[in-house]
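The structure appears right after this line, and notes come after that.
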Amino acid sequence: MQQQSDFFLSTDQDEQLAIGPGAFCFKGAIIQDGVEIIRAVNDVVAKAEFRHLITPGGRRMSVAMSNCGRQGWVSDHAGYRYQTTDPLTGNAWPVMPRILLATAQSLAARAGFGNFNPDVCLINRYRAGDRMGLHQDRDEGNVTAPIVSLSLGLPATFIWGGLQRSGPTQRFILEHGDAVVWGGEDRLRFHGVAPLKAGEHPLTKDCRINITFRQTGSLDTCR
DNA sequence: GAGTGTCG
DNA sequence: CCCG
């Protein structure tokens, strides 16, 4: 960890931190596009509203979710899965906004993952106290493609584990504008988010928005 | 199948 | 708050 000094300007912006052989945190990478990205999220959730999914075990997830793209991640009594329609409406998920796709592809490339064609864009809204338990992203057919994660609004503590749930974890803060990309041998690492601390952000007010991109198939599945 | 949650 |  580097100590920050008041004499340096924006030392935490566009800094690339390796958190594994195939995993990187890009500090401040999307600050420039923050307003446009949030506008895109608002457009999506106007058509597919945030909702609290239920785990197969019957527990309500604290985080509220929506999706855009060809497929969306959902969970209910029957299990975790991807599906092309919003269970609330039966409609196809909203089209993935250009700015979101372009941002994800650019970040994947910066992390060394070319030809990333995400067909899923999962949007998670965290409010005070909301958390995400340690888990692996393993519902995707294509574990070759990386995961790209964007953080907007309030800061959160990211919990970054290993390939086994019981292994050691590291914690670091994800702030507005940060991006994390993980793939390759880090693709199945356990990860989670500590309970969000209450706060106020100029762009998102009382919440943190996390956007993750996944590619479920090997073909070109963009739309 | 479900621990992307809850409890001690 | 952290761990299991």
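Counting non-hydrogen atoms of other residues, nucleotides and ligands closer than 6.0 Å to CD of Gln16(A) gives a total above 12.
Within 4.0 Å (heavy atoms only), Asn210(A) reaches no atom of the nucleic acid at all. Thr55(A) comes within 4.0 angstrom of the backbone, heavy atoms only, and of no base.
In the set dG5(B), dA2(B), dG3(B), the nucleotide with an atom closest to the side chain of Arg59(A) is dG5(B). Closest to the side chain of Arg171(A), from the set dG5(B), dA2(B), dC2(C), is dC2(C). In this structure, the nucleotide among dC3(C), dG5(B), dA2(B) sitting nearest to the side chain of Met61(A) is dG5(B). Distances from the side chain of Arg165(A) to the nucleotides dA2(B), dG3(B), dC3(C) place dG3(B) closest.
Looking at Asp178(A) and Ser151(A), their side chains never bring a donor and an acceptor atom within 3.5 Å of each other.
Under the side-chain hydrogen bond (donor to acceptor under 3.5 Å, both in side chains) rule, Trp73(A) has a single partner from Asn124(A), Asp137(A), Asp139(A), Thr212(A), which is Asp139(A).
With both pairing distances under 3.5 Å, dC3(C) is matched to dG8(B) as a Watson-Crick or G-U wobble pair. Remark: dG1(B) base-pairs with no nucleotide in the shown strands. Criterion, Watson-Crick or G-U wobble with two distances under 3.5 Å.
Not one side-chain nitrogen or oxygen of Arg81(A) sits closer than 4.0 Å to the OP1 or OP2 atom of dG1(B). The shortest distance between the side-chain N/O atoms of Arg131(A) and the OP1/OP2 oxygens of dT6(B) is not below 4.0 Å.
Atom P of nucleotide dG5(B) and atom CG of Leu53(A) are separated by 11 Å, given to the nearest angstrom. Following rounding to the nearest Å, Arg138(A) (CZ) and dG3(B) (P) show an atom-to-atom distance of 13 Å.
The aromatic rings of Phe158(A) and His191(A) sit tilted relative to each other, their planes meeting at an angle between 30° and 60°.
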